[in-house]
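So that the names make sense, note that chain A is the first sequence line, chain B the second, and so on, each numbered from 1.
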There are 2 protein chains.
Amino acid sequence: MSHDTMATLTRETISAAPDPIVRRTLHDELLERLRSMIIDGDLAPGDKVPEKELCERFGVSRTPLREALKVLANDGLVTLTPNRGAMIADLTLEDLEEAFPVMGALEALSGEMACANITDAEIEKIKKLHLEMVTHYEARELKLYFRTNQQIHEMILSAAGNQTLSALYRGLEGRIRQARYLANMSTSRWTQAVQEHEQIIASLEARNGAELAAILKSHLANKFETVKEALQDRGKP
Amino acid sequence: MSHDTMATLTRETISAAPDPIVRRTLHDELLERLRSMIIDGDLAPGDKVPEKELCERFGVSRTPLREALKVLANDGLVTLTPNRGAMIADLTLEDLEEAFPVMGALEALSGEMACANITDAEIEKIKKLHLEMVTHYEARELKLYFRTNQQIHEMILSAAGNQTLSALYRGLEGRIRQARYLANMSTSRWTQAVQEHEQIIASLEARNGAELAAILKSHLANKFETVKEALQDRGKP
DNA sequence: GACATGTATATTGAATTCATAATTCAATAT
DNA sequence: ATATTGAATTATGAATTCAATATACATGTC
């Protein structure tokens, strides 16, 4: 992508420069900041997002902020109503049920491709993360467990070596995010999840793509069950 | 409308009115127009997109246009370089090869879900379209063939009844679009494509999800082969 | 007191303006 | 003639301004 552009900039001299100055637009910067704020739950679903307030918070004018909001709306993270402004998108049960099979298909694909492309070093890294995750599980550290868990799935995804796949998967993952923080896994389900991860590692080591795909898919199904319950129970004690 | 009905008009009846006035923002309108211009090839890949010119063409100021461009860039239809403006994204061979397996997974899913949900009426509609497509094939009307073909795939997608899936698939389809118009199908491949479509119809009628998924996947693989060749040959006679 | 109507305020959508970076092109040096 | 420098032009990024719309509040009516 930026490959061609760079190459045709000038002969070789300048494009081969060691450290090109990277400038970003405010829009881009804002986009990234807002995205992670939403995904991390700093901005809660359903919250109205007054432009003025955010502008002050970031010290920018409304123009770049609004540009960022349009993009986020396009990605489904924000809901934009004409003349009424933006609110952080609220995940409905329907959204969740729609996203589920799609993520399943993508997850399965990532498993197959990862098995085809993963290096031994990457497998080692994942095994380390897995041990770390088990530690968090034993200590009942839900937050840390989630993070490590996420890292493992990220590693599988990047091992698949397909940017398009990664981008789509992350996009959906971002939309599911909110219920994540509501989820209060039962002990038995948590144990089951860890066991599934053991299987994931095994299939990965065996580089058995079909098997990994199947495991990831059912692992995801279980995760969705948990998220769905959290979503349905929200608001209640 | 009778007296009685008038008298009983309430807030509910009003909001449930059949035809609410739909107002759209300029940004939204532009987004749609630009998107289809790109997908239809009115704006060629690699073209620079001078803001001023487009503003004049649409009779709007730069603000909503730029908002639309940011969104299109996010979708990969446009490439934005800071201080240098926008150009219509150029599809590389790598992009194509990345998109392929992802579209395959989505297409397979759409087949499975379509078989589970499709109505008899929808199948009839698709069969009609298929006959139309065969006519175009026999007349060697490539453009019309493409359009009808696309409509069939659109119908399967919408029969699957999953908005999320549709949105993602259309997004990828949009990025592949350009090579479409370069493709000059050989007679044998064209014949093969039509035969595959016969199988698609058959699986759909039998509501055999797994079978349809497999056929769609290999049908897609063949399509990619054609598109890939077109992409490699472009510029040459 | 509940509801409807009208007015003031605040917020958003879009145009305009301003500042800065990129491009063009002429003048100069090689 | 070609390449290089620097001023003029143009296009872009972002802030500001203006207009349209929605919200909040107050007033009046039943």
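The backbone N or O of B:Thr164 sits less than 3.5 Å from a side-chain atom of A:Glu98, completing a donor-acceptor pair. For A:Asp40 (side chain) and A:Met37 (main-chain N/O), no donor-acceptor pair under 3.5 Å exists by modelled atom type.
Base pairing analysis places C:dT7 opposite D:dA24; the two distances defining the Watson-Crick or G-U wobble pair are each below 3.5 Å. The partner of C:dT30 is D:dA1, judged by Watson-Crick or G-U wobble contacts that both fall below 3.5 Å.
A:Glu56 places its CD atom 10 Å from the P atom of C:dT11, with the value rounded to the nearest Å. When the P atom of D:dA11 is taken as reference, atom CG of B:Leu65 falls 14 Å away, rounded to whole Å. Rounded to whole angstrom, the span from the NZ atom of B:Lys52 across to the C1' atom of D:dT12 amounts to 13 Å. Going from atom CG of B:Leu69 over to atom C1' of D:dT12 covers 12 Å, rounded to whole Å. For B:Glu51 and C:dA22, the CD to P distance is 15 Å, given to the nearest whole Å. Counting to the nearest Å, the C1' atom of C:dA14 and the CZ atom of B:Phe58 are 16 Å from each other. Rounded to a whole Å, the CD atom of A:Glu53 is 15 Å from the P atom of C:dA10.
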Produce a footprint string for nucleotides 14-21 of chain D: one letter per nucleotide, 5' end first; B if the base is under 4.0 Å from any protein heavy atom, S if only the sugar-phosphate is, - if neither. SBBB---S

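Between B:Glu173 and B:Lys223 there is a salt bridge, since at least one side-chain N of the basic residue sits less than 4.0 Å from a carboxylate O of the acidic one. In summary, A:Arg147 and A:Glu132 do not engage in a salt bridge, as defined by a charged side-chain N under 4.0 Å from a carboxylate O. Under the 4.0 Å criterion applied to side-chain N and carboxylate O atoms, B:Arg170 and B:Glu154 are assigned as salt-bridge partners.
Each of B:Leu72, B:Leu30, B:Val78 was checked for a side-chain contact (heavy atoms from CB on, under 4.5 Å) with B:Arg35, and the lone residue meeting it is B:Leu72.
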